[in-house]
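Taking it in order: structure first as structure tokens, then the write-up.
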Amino acid sequence: NAGVMQNPRHLVRRRGQEARLRCSPMKGHSHVYWYRQLPEEGLKFMVYLQKENIIDESGMPKERFSAEFPKEGPSILRIQQVVRGDSAAYFCASSRQGAFDNEQFFGPGTRLTVL
Amino acid sequence: KNEVEQSPQNLTAQEGEFITINCSYSVGISALHWLQQHPGGGIVSLFMLSSGKKKHGRLIATINIQEKHSSLHITASHPRDSAVYICAVNRSGSGSRLTFGEGTQLTVNP
């Protein structure tokens, strides 16, 4: 039973390029969360999705960032026109249900470096 | 001021020592989580609790809802326990999104 998968594990982009981060939840999980960990800072919530729906995107920057979780395939976090300040570790977590008392399982993270 | 505060920020211990990491929060919550982030960066969920106490191996987590405080204890600490320990809460009314503390860096020396 594979855990939460994220790829790539490391991603290097130049300023202005696009970054696409993928997250495959655990089998049987239909709820996905994206978190960002800036260097020397704590984790911060970005967005919460169910299949084909964005439930809570209150932590997403208003510009350049978008997320989706299609009916088939992984969840994608997309960052357009990356800037140096986007360099961070991006973690995905999944849960079976979206209730507050459901444990979230984390992926290994994608470390984005913007040159 | 952060809604979730951890102390200490850094903790160094000798192998075998009993360790306590504290977490205080200033908002209403529906659940509290303790997470472990390994030196390589991966995150593992250790506990999720909304009342009382939970134990798993050498790890014990307690929560006092009235005092808005939780503790993570490690008995008979070992160098492999060296990691960042993160307290996170589900804020009441915010569903399942997590709000995190800054983490406690634990180093256990042999």
Side-chain angles (χ1 to χ4, degrees), chain A residues 2-6 8-11 23 25-26 29-50 53-60 67 87-113, chain B residues 1-10 21 23-52 54 56 59 61 63 65 83-105:
Chain A
V4 179
M5 311 278 283
Q6 287 188 250
R9 296 288 305 275
H10 300 273
L11 181 61
C23 169
M26 284 181 67
H29 288 191
S30 58
H31 297 256
V32 164
Y33 312 82
W34 285 94
Y35 300 98
R36 178 166 67 173
Q37 188 174 38
L38 293 167
E40 307 302 322
E41 292 189 21
L43 287 152
K44 297 285 193 294
F45 168 80
M46 297 184 77
V47 62
Y48 162 36
L49 310 102
Q50 291 181 38
N53 285 307
I54 296 175
I55 306 302
D56 181 355
E57 57 181 347
S58 57
M60 285 272 273
S87 296
Y90 292 82
F91 290 93
C92 164
S94 74
S95 66
R96 188 175 298 278
Q97 296 177 32
F100 65 86
D101 57 352
N102 269 262
E103 187 175 6
Q104 294 183 23
F105 295 83
F106 284 79
T110 293
R111 276 139 191 89
L112 172 65
T113 301
Chain B
K1 190 179 188 299
N2 290 339
E3 294 175 341
V4 181
E5 296 273 357
Q6 288 185 235
S7 64
Q9 280 188 304
N10 294 282
I21 299 171
C23 175
S24 296
Y25 50 93
S26 57
V27 294
I29 70 166
S30 48
L32 183 142
H33 305 249
W34 281 102
L35 309 170
Q36 180 191 53
Q37 186 167 25
H38 299 291
I43 297 173
V44 174
S45 175
L46 299 175
F47 294 104
M48 180 177 67
L49 63 165
S50 54
S51 65
K54 287 190 176 180
H56 181 71
L59 302 178
I63 187 168
I65 296 294
V84 176
Y85 292 83
I86 303 169
C87 173
V89 301
N90 292 105
R91 294 179 60 196
S92 299
S94 293
S96 46
R97 60 177 288 185
L98 293 175
T99 301
F100 299 86
E102 295 294 312
T104 295
Q105 172 69 62

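Note on naming: letters A, B, ... go to the chains in the order of the sequence lines (proteins, then strands), and numbering restarts at 1 for each one. Side-chain atoms are counted along with the backbone in the values below, which use heavy atoms only and exclude waters and symmetry mates.
In this structure the side chain of A:Leu43 never reaches within 4.5 angstrom of the side chain of B:Leu98, judged on heavy atoms.
Distance NE2/B:His33 to CD/A:Gln104: 6.0 Å, rounded to 0.5 Å. Rounding to the nearest 0.5 Å places CZ of A:Phe91 at 4.5 Å from CD of B:Gln37.
The environment of CE in A:Met5 is sparse: at most 12 heavy-atom neighbours from other residues, nucleotides or ligands sit within 6.0 Å.
In terms of heavy-atom pairs under 4.5 Å with chain A, the best-connected choice from B:Ser92, B:Gly103, B:Ser45, B:Gly42 is B:Ser45.
A:Ser58 and B:Arg97 get closest at one heavy-atom pair: OG-NH1, 2.5 Å. Between B:Ile43 and A:Phe106, the closest heavy-atom pair is O-CB, 3.5 Å.
Contacts of B:Leu49 with chain A are absent, with no heavy-atom separation under 4.5 Å from either backbone or side chain. With a 4.5 angstrom heavy-atom cutoff, B:Ile86 touches chain A only via side-chain atoms.
Residues forming a ring-ring contact (aromatic ring centres under 6.0 Å, His included) with B:Phe100 (at least two apart in sequence, or on another chain): A:Tyr35. Listed by chain and residue number, A:His29 satisfy the ring-ring contact (aromatic ring centres under 6.0 Å, His included) test with A:Phe105 (two or more places apart in sequence, or in another chain).
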